[in-house]
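Contents: one structure, followed by commentary.
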Amino acid sequence: LDTKEPEPPNNINPLVLHFESLASNFLSSHLVAIELSCLIESISTNDPRIEWKKIKDGEPSYVYFEKKISGDLEGRARIREPATLVITNATRSDSASYRCEVTAPIDQKTFDEILINLVIRVKPVVPKCAVPKSVPVGKAAELRCVEDEGFPKSQYQWFRNKEEIPDDPKTSPKFFNSSYMLNAETGTLKFSAVRKDDSGEYFCRAKNDAGHSECGPQTMEVYNINIAGIILGVLVVVVVLLCITVGICCAYKRGYFISQKQTGNNYKAPAKGDGVDYVRTEDEGDFRHKSSFVI
């Protein structure tokens, strides 16, 4: 801001308005009281008009107008004379640019302003971690860590047995033989092919300028695949299926699966004689004949 020295008292406009903030870029933690200072160094006007505006996403809105707190700071802020804005319970949504405007009609400089950029820092909460319990040797594995409450956005670190895992395994003798990719932005730790040495307790840390938080340790076991056991199991299954198949074939050959049909109710009607009609009654097998005469 431009500063002009006051002129002699007998001048018609003796003083010049000047005010300043303690900082033009202000960092603060979540849920604490903060002060945005707008200091008036010298002024001739007895009751200057003071206004505060919040500018977020390019849109200004009043937070102090006509000597009243307004907008989303209502009930959470106050003015400390002459023009300092005190936010008593800052939250992440208060991150924005704030403009102090002072109007002094009888001063030589009748208007001035200052812009303060406010960033509310929020410590990360405990991240959610996902670690596979067991993975066979040579297989891929992915460990995940995520946290969405911190501001600025959290960066991630992974630890194995309380020792930090470096971004590049080749930079550490303990991790030199490991094959993985660590993404500090997304919190993922991907093994392309795990080894027995990769077994251990893993935990993740989310951190930013406001602090850090960690999830509890989780154990990942890397085990060898028993090839001989798998082959033996397959052979046992094949032998069992073969025995079942041979048994079924033998049973068919011996006639165990041929259906036995009773023939007592299968009545074959006798051939008709000339001149005799046979009529079947309701009871099966009960026949009576009817004589007919041909002239």
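Heavy atoms of other residues, nucleotides or ligands lying less than 6.0 angstrom from NZ of Lys53 number more than 12. Around the CZ atom of Arg195, the shell of radius 6.0 Å holds more than 12 heavy atoms that belong to other residues, nucleotides or ligands. The number of heavy atoms from other shown groups lying within 6.0 Å of NZ (Lys133) does not exceed 12. For Lys68, the NZ atom is loosely surrounded, since the number of other residues' heavy atoms within 6.0 Å does not exceed 12.
Using a 4.0 Å cut-off between a side-chain N of Lys or Arg and a carboxylate O of Asp or Glu, Arg160 and Asp197 do not qualify as a salt bridge.
For Glu147 (side chain) and Val125 (main-chain N/O), a donor-acceptor pair under 3.5 Å exists by modelled atom type. Listed for the Lys56 side chain is no donor-acceptor partner under 3.5 Å among the backbone atoms of Ser61. Of the possible donor and acceptor atoms, none in the side chain of Asp57 sits under 3.5 Å from a partner among the backbone N and O of Glu59. A distance-only check finds no donor-acceptor pair linking the side chain of Thr188 to the backbone of Asn183 [under 3.5 Å]. Although no hydrogens or angles enter the test, the distance criterion places a donor-acceptor pair under 3.5 Å between the side chain of Ser95 and the main chain of Ile120. A donor-acceptor pair under 3.5 Å is formed between the side chain of Asn161 and the backbone N or O of Glu201. With Thr88 contributing its side chain and Arg76 its backbone, the two residues share a donor-acceptor pair below 3.5 Å. In this structure a side-chain-to-backbone donor-acceptor pair under 3.5 Å is missing from Glu164 to Pro166. Between the Trp52 side chain and the Ala83 main chain, a donor and an acceptor come within less than 3.5 Å of each other.
Pairs engaging residues 131-164 under the ring pair (Phe, Tyr, Trp, His ring centres under 6.0 Å) rule: Phe159-Phe203 [sequence neighbours left out]. Contacts classified as ring pair (Phe, Tyr, Trp, His ring centres under 6.0 Å) and involving residues 53-84 (residues at least two apart or in different chains) are given here: Tyr62-Phe65.
Nearest heavy atoms, Leu182 versus Ile165: CD2-O, 3.6 Å.
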(message) Could you walk me through whether Ile34 and Leu118 satisfy the side-chain contact (heavy atoms from CB on, under 4.5 Å) test, starting with their C-alpha distance in whole Å, then the side-chain angles of each, then the deciding distance to 0.1 Å, before giving a yes or no?
(response) CA-CA 10 Å; Ile34 60 173; Leu118 174 63; 3.4 Å; yes

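In this structure Lys128 satisfies the salt bridge (charged side-chain N to carboxylate O under 4.0 Å, His left out) test with no other residue, sequence neighbours excluded.
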